[in-house]
Amino acid sequence: MAVVLENRCVGPEVYRMRLAQTPSTPGQFYMLRPLEGAGDPLLGRPISVFDCVEGDSVFLYKVVGRGTQLLSRKREGDEVAAIGPLGNGFPLEDANLTLIGGGIGFAPLYYLLKEHGRLFPARKRRVYLGYSGESFLTEDFAALA
C-alpha cells in the first residue's frame, strides 16, 4: 500500500499523483490499483514513473477507463495498492541526449531528463514532445532541457 500525497489534474484528463515511499529510477513503473471494495478492479494498471522526489514517486496518467477513473478520485491521505518498482529502467550515459515522446507516453522521459542533467550537467539535452490535442507540462520539460 502507498499513501497518496497529491493527485491533481494537469491536462485534459491527465493527472499527476505522488505516492509516499515509492522509490524508483528513471524508466521504471508501478502497478497501481485503487482500493475499492471486493477487489474491483482486480488488476493494477501499469503506470510509468514521471519523477521521484525524496523517495516518493510521481506518476502521470490519463483517465481512459474504470481503473484510471477510480485513481483520479483519490485524495491526499487515501491509499492505493502499489507494486513496484518494476522494469530495468533507462541506462544513463555520459553523452548528449535527445528525447522524443508523444501523448501520455512521454511520462517517463521527464525523470530521465532530470537525472541526466544532474549526473552530466555539461551535456546537451533536447526534448521533442507531440500532442494530439491541448499541450501540458511543457514548461516542466523546458526547465530541464
Side-chain angles (χ1 to χ4, degrees), residues 1-35 41-145:
M1 301 304 149
V3 176
V4 176
L5 299 176
E6 174 189 38
N7 192 28
R8 65 185 179 94
C9 187
V10 295
E13 294 296 312
V14 176
Y15 286 77
R16 179 173 22 202
M17 176 185 281
R18 183 173 174 174
L19 297 179
Q21 301 304 304
T22 49
S24 60
T25 60
Q28 291 187 306
F29 67 98
Y30 276 74
M31 296 296 288
L32 300 181
R33 185 174 58 83
L35 296 173
L42 178 63
L43 301 175
R45 281 28 185 191
I47 309 288
S48 299
V49 175
F50 175 73
D51 195 7
C52 191
V53 180
E54 299 173 0
D56 304 333
S57 284
V58 180
F59 302 90
L60 197 65
Y61 64 95
K62 185 171 185 169
V63 175
V64 294
R66 179 169 162 68
T68 50
Q69 182 181 47
L70 291 170
L71 284 174
S72 74
R73 295 179 185 160
K74 296 298 179 184
R75 299 293 169 246
E76 183 179 341
D78 289 347
E79 289 187 331
V80 299
I83 299 172
L86 303 170
N88 294 324
F90 298 125
L92 288 161
E93 299 179 9
D94 188 2
N96 294 336
L97 182 66
T98 300
L99 301 174
I100 302 170
I104 199 66
F106 71 62
L109 301 182
Y110 182 84
Y111 191 17
L112 174 60
L113 186 66
K114 177 180 155 183
E115 284 299 289
H116 187 271
R118 183 181 67 80
L119 295 172
F120 313 111
R123 293 297 186 169
K124 294 181 182 178
R125 282 165 292 287
R126 293 186 180 153
V127 181
Y128 301 94
L129 303 176
Y131 299 87
S132 61
E134 182 183 338
S135 63
F136 54 94
L137 299 177
T138 54
E139 302 84 22
D140 296 56
F141 277 90
L144 296 178

Contacts table for residues 46-62: side-chain donor-acceptor under 3.5 angstrom, sequence neighbours left out:
from  : atom 1 : to     : atom 2 : distance (Å)
Asp51 : OD1    : Lys114 : NZ     : 2.8
Asp51 : OD2    : Lys114 : NZ     : 3.3
Asp56 : OD1    : Gln21  : N      : 2.9
Asp56 : OD2    : Arg18  : NE     : 3.3
Asp56 : OD2    : Arg18  : NH2    : 3.0
Ser57 : OG     : Thr22  : O      : 2.3
Ser57 : OG     : Ser24  : OG     : 2.9
Tyr61 : OH     : Asn7   : OD1    : 3.0
Tyr61 : OH     : Asn7   : ND2    : 3.3
Tyr61 : OH     : Leu71  : O      : 3.2
Tyr61 : OH     : Ser72  : N      : 3.2

With a 3.5 Å cut-off and sequence neighbours excluded, list the donor-acceptor pairs that the side chains of residues 79-100 form with protein atoms.
from  : atom 1 : to     : atom 2 : distance (Å)
Asp94 : OD1    : Arg123 : NE     : 2.9
Asn96 : OD1    : Lys124 : N      : 3.0

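Residues passing the side-chain contact (heavy atoms from CB on, under 4.5 Å) test with Pro23 are Tyr30, sequence neighbours excluded. With sequence neighbours excluded, the residues that form a side-chain contact (heavy atoms from CB on, under 4.5 Å) with Leu129 are Phe106, Val127, Tyr131, Phe141. Applying the side chain to side chain donor-acceptor pair (under 3.5 Å) rule to Arg8 yields the partners Glu6; only residues at least two apart in sequence or on another chain are considered. With sequence neighbours excluded, no residue forms a side chain to side chain donor-acceptor pair (under 3.5 Å) with Arg75.
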Q: For the pair Leu137 and Val10, evaluate side-chain contact (heavy atoms from CB on, under 4.5 Å) and give the outcome as yes or no after the intermediate values.
A: CA-CA 7 Å; Leu137 299 177; Val10 295; 4.2 Å; yes
(Q) Go through it in stages, so that I can follow the logic: the residues are Met1 and Leu35, the test is side-chain contact (heavy atoms from CB on, under 4.5 Å), and I'd like the CA-CA distance, side-chain angles, deciding distance and then a yes or no. (A) CA-CA 9 Å; Met1 301 304 149; Leu35 296 173; 3.3 Å; yes
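Shown here for Pro12 and Phe136, the closest heavy-atom pair between the two residues is CD-CD2, 4.0 Å. Nearest heavy atom pair, residue Gly105 against residue Pro108, reads O-CD, 3.5 Å.
With Glu115 contributing its side chain and Leu112 its backbone, the two residues share no donor-acceptor pair below 3.5 Å. Without hydrogens or angle criteria, Arg45 side chain to Leu43 main chain gives a donor-acceptor distance under 3.5 Å.
One finds the CE atom of Met31 at 10.0 Å from the CZ atom of Arg33 (value rounded to the nearest 0.5 Å). Here Thr68 contributes atom OG1 and Arg73 contributes atom CZ; the two are 10.5 Å apart, rounded to the nearest 0.5 Å.
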